[in-house]
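Data block below; observations after.
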Amino acid sequence: MKLDVLKQLLAVPSHSFKEQQMVAWLCEYIHGNIPGATVTVDASLNVYVHKGTSQFSPCVAAHIDTVQPM
């Protein structure tokens, strides 16, 4: 990952249960940088990215929220 993209990602506020800005950033980044990818966001703000078709698809899971400052 490019350092500038990592810095942009880390600058997005994403406190627990307030991940809307991170979801928006991820969707925009994927649409602008991964041709042919489709993005789906469900009611719980889970982000699903698909590209291409196959019988089996890998699943990568990660948290997109961060610990709130104290």
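In this text the structure is predicted, and so the values were computed from the model without any measurement.
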Could you pull out all donor-acceptor pairs under 3.5 Å where a side-chain atom in residues 40-52 meets a protein atom, sequence neighbours excluded?
unit_1	atom_1	unit_2	atom_2	d
Asp42	OD1	Ser44	N	3.0
Asp42	OD1	Leu45	N	3.2
Asp42	OD1	Asn46	N	2.9
Asp42	OD1	Asn46	ND2	3.3
Asp42	OD2	Asn46	ND2	3.0
Asp42	OD2	Tyr48	OH	3.4

Item to complete: Tell me, with the steps shown, if Leu6 and Lys2 meet side-chain contact (heavy atoms from CB on, under 4.5 Å).
Response: CA-CA 6 Å; Leu6 178 60; Lys2 296 179 182 178; over 6 Å; no
Item to complete: Walk me through it: do Val5 and Tyr29 pass the test side-chain contact (heavy atoms from CB on, under 4.5 Å)?
Response: CA-CA 9 Å; Val5 175; Tyr29 182 84; 3.8 Å; yes
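Take Val12 and apply the side-chain contact (heavy atoms from CB on, under 4.5 Å) test, not counting sequence neighbours, and it matches Gln21, Met22, Trp25. Not counting sequence neighbours, the partners of Ser16 by the side chain to side chain donor-acceptor pair (under 3.5 Å) test are Asp65.
Interatomic distance, OG1 of Thr38 versus CD1 of Ile30, reported as 9.5 Å (0.5 Å rounding). Rounding to the nearest 0.5 Å gives a distance of 11.0 Å between NZ of Lys18 and OG1 of Thr66.
More than 12 non-hydrogen atoms from other residues, nucleotides or ligands lie less than 6.0 angstrom from CD of Gln20.
For the pair Cys27 and Val39, the minimum side-chain heavy-atom distance is below 4.5 Å.
Ser14 places no side-chain N or O within 3.5 Å of a backbone atom of Glu19 that could act as its donor or acceptor partner.
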